[in-house]
Amino acid sequence: MPELPEVETVARDLRTAVLGRMVLGVTLLRPSVVRHPAPERFVDELTGTRFAAITRRGKFIDCALQRDGATAGDLILHLGMTGHLDVRLPAERPRPHTHLSMTLDDAHELRYADARRFGRVLLGPRAELEALGVLPRLGVEPLSAEFTAAALDAVLRHTTRTVKAALLDQRGVAGLGNIYVDEICFAAGVRPTRRCHRLTRAQRQALHGAIVTVLGAAIANRGSSIDDYRDLWDAQGTHQEVLRVYGRAGLGCLRCGSLLRRTLVAGRGTTYCSVCQR
DNA sequence: ACCTACCTGGCC
DNA sequence: GGCCAGGTAGGT
């Protein structure tokens, strides 16, 4: 469900809601959502910590924790396809499939829910989690200074895979998913089925520009609420209203009017304009 | 570089 | 009942 713009929106709101708060208690209703460490240790090590910083890396939310003012690892959350975070008062009924609830020192609860359970939760120093192999090593952050046209070239140039598959791979560029890859390909005028090594330099540059502008616009609109994405306060984003290809198969291209096609690429439903995208 | 499995819910 | 869904991981 959430891709980079939705995760960024939730991370920013989370900063407002829980930064500086202490975790007084932890209720782990479905231990299997915690991938590391073991459930008892997870609860013990999280209890009594304070949220010191909240950042996003790809589609992961990283809450840096402190205990007695000293660094105490990171609470790392991935929302999968259907994950939700809520900040609610205890009297409010938890949404279905709530797997983890943290009671905070301002009387609110921070809750993690995920119907399909494709998401996960981890706790520990980020470096340690990466060393253990329980956190994947992610590619370049597309909204960082390191994401230059040359950096994208390095991802695309030496592979024969489709552009769609390469951009979905979190080890290349971190944070892109099915909606935004289709939108990026349309904005760049590139077919998602195109093989990376056959891209022209101009096409690679167009993709680089499109990644930055599409993600920026989606964040400004607080993400796309297609099915069940909602922010921390249960409000919808508005970017779904301006998507140009995702969800528009069979409708007219907003640029040239021809019917948008839908195919399967890299195992994912893919919509594109066969006239505007080459 | 693919392909399937992992889950639940909603729609036809 | 079957198909589809914003995402990975693991096996071939």
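Residue numbers start from 1 in every chain, and the chains themselves are labelled A, B, ... in the order their sequence lines are given, proteins ahead of strands.
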Legend entry - Electrostatic pair A/Arg161-A/Asp169, nearest N-O below 4.0 angstrom: yes

Inset, instruction - On DNA chain B, reading 5' to 3', which nucleotide is the first and which the last to sit with an atom under 4.0 Å from a heavy atom of chain A, could you check? - result: B/dA1 to B/dG9

Inset, instruction - Taking the side chain as every heavy atom from C-beta outward, state whether A/Val7 and A/Thr9 have any pair of such atoms under 4.5 Å apart. - result: no

Legend entry - Within residues 109-131 of chain A: residues closer than 4.0 Å to DNA chain B (heavy atoms): A/Ala115, A/Arg116, A/Arg117, A/Phe118

Inset, instruction - May I ask you to list the residues of residues 163-177 of chain A, by number, that have any heavy atom positioned under 4.0 Å from an atom of DNA chain C? - result: A/Gln170, A/Gly177

Inset, instruction - Could you check whether A/Asp227 gets within reach of a base, just the sugar-phosphate, or nothing at all, counting any heavy atom under 4.0 Å? - result: base

Inset, instruction - Kindly state each residue pair satisfying side chain to side chain donor-acceptor pair (under 3.5 Å) with at least one member in residues 216-226 of chain A, sequence neighbours excluded. - result: A/Asp13-A/Arg222, A/Tyr180-A/Ser224, A/Asn221-A/His239, A/Arg222-A/Asp231

Inset, instruction - Please list, chain by chain and in numerical order, all residues satisfying side-chain hydrogen bond (donor to acceptor under 3.5 Å, both in side chains) with A/Arg204, sequence neighbours excluded. - result: A/Asp153

Legend entry - Distance in angstrom units between A/Glu6 CD and C/dG6 P, rounded: 12 Å

Inset, instruction - Send over the distance from A/Asp231 CG to C/dG6 C1', rounded to a whole Å. - result: 16 Å

Inset, instruction - Would you check if A/Pro142 and A/Leu4 make a side-chain contact, meaning some heavy-atom pair closer than 4.5 Å? - result: yes

Inset, instruction - Please tell me which of A/His97 and A/Thr162 maps to the more 5' nucleotide of DNA chain B, matching each residue to the nucleotide holding its nearest heavy atom. - result: A/Thr162

Legend entry - Value in whole Å for how far the P atom of C/dG7 lies from NE2 of A/His84: 14 Å

Inset, instruction - For B/dA5 versus C/dG2, give the span between their P atoms, rounded off to a whole number of Å. - result: 15 Å

Legend entry - Euclidean distance for P, B/dC3 against C/dC4 (whole angstrom): 16 Å

Legend entry - Bracket string, DNA chain B, 5' to 3' - pairs by Watson-Crick or G-U geometry under 3.5 Å, | interstrand: ||||||.|||||

Inset, instruction - Applying ring pair (Phe, Tyr, Trp, His ring centres under 6.0 Å), name anything that partners A/Tyr272, two or more places apart in sequence or on another chain. - result: none

Legend entry - Whichever of A/Gly267 and A/Arg161 has its nearest DNA chain B nucleotide further upstream toward 5': A/Arg161

Legend entry - A/His78 side-chain N/O to C/dG7 phosphate OP1/OP2 under 4.0 Å: no

Inset, instruction - Check for a donor-acceptor pair, side chain of A/Glu183 on one end and backbone N or O of A/Val245 on the other, with a separation under 3.5 Å. - result: yes

Validation: residues 248-258 of chain A side-chain donor-acceptor distances under 3.5 Å, sequence neighbours left out:
residue	atom	partner	partner atom	Å
A/Arg248	NH1	A/Arg244	O	3.4
A/Arg248	NH1	A/Gly252	O	2.9
A/Arg248	NH2	A/Gly252	O	3.1

Legend entry - Any A/Ile54 side-chain heavy atom under 4.5 Å of A/Val18 side chain: yes

Legend entry - Interatomic distance where OH belongs to A/Tyr180 and C1' belongs to C/dG7 [whole Å]: 15 Å

Inset, instruction - Test side-chain contact (heavy atoms from CB on, under 4.5 Å) on A/Phe42 and A/Leu122 and set out the steps. - result: CA-CA 8 Å; A/Phe42 174 84; A/Leu122 305 102; over 6 Å; no

Inset, instruction - Report yes if at least one side-chain N or O of A/Tyr246 is closer than 4.0 Å to OP1 or OP2 of C/dG6; otherwise report no. - result: yes

Inset, instruction - Verify whether one side chain among A/Thr193 and A/Lys164 offers a donor that lies under 3.5 Å from an acceptor in the other. - result: no

Inset, instruction - For B/dT4 versus C/dC3, give the span between their P atoms, rounded off to a whole number of Å. - result: 14 Å

Legend entry - Test ring pair (Phe, Tyr, Trp, His ring centres under 6.0 Å) applied to A/Phe147 - qualifying residues, sequence neighbours left out: A/His208

Legend entry - Length of the OH-C1' vector between A/Tyr229 and C/dG7, whole Å: 16 Å

Inset, instruction - Report which part of the nucleic acid A/Arg195 touches: base, sugar-phosphate, or nothing (heavy-atom distance under 4.0 Å, all strands). - result: sugar-phosphate

Inset, instruction - Give the rounded distance in Å between these two atoms: CD1 of A/Ile76 and C1' of C/dT8. - result: 16 Å

Inset, instruction - Applying salt bridge (charged side-chain N to carboxylate O under 4.0 Å, His left out), name anything that partners A/Glu8, two or more places apart in sequence or on another chain. - result: A/Arg12, A/Arg56

Legend entry - With A/Arg111 via salt bridge (charged side-chain N to carboxylate O under 4.0 Å, His left out) - residues at least two apart: A/Glu109

Inset, instruction - Scan A/Ser224 against the nucleic acid and name what it touches under 4.0 Å (heavy atoms): base, sugar-phosphate only, or nothing. - result: base

Legend entry - Distance between P atoms of C/dT8 and B/dG10 (Å, rounded): 23 Å

Inset, instruction - Among residues two or more places apart or on two chains, list those pairs meeting side chain to side chain donor-acceptor pair (under 3.5 Å) that have a residue in residues 59-70 of chain A. - result: A/Asp62-A/Arg126

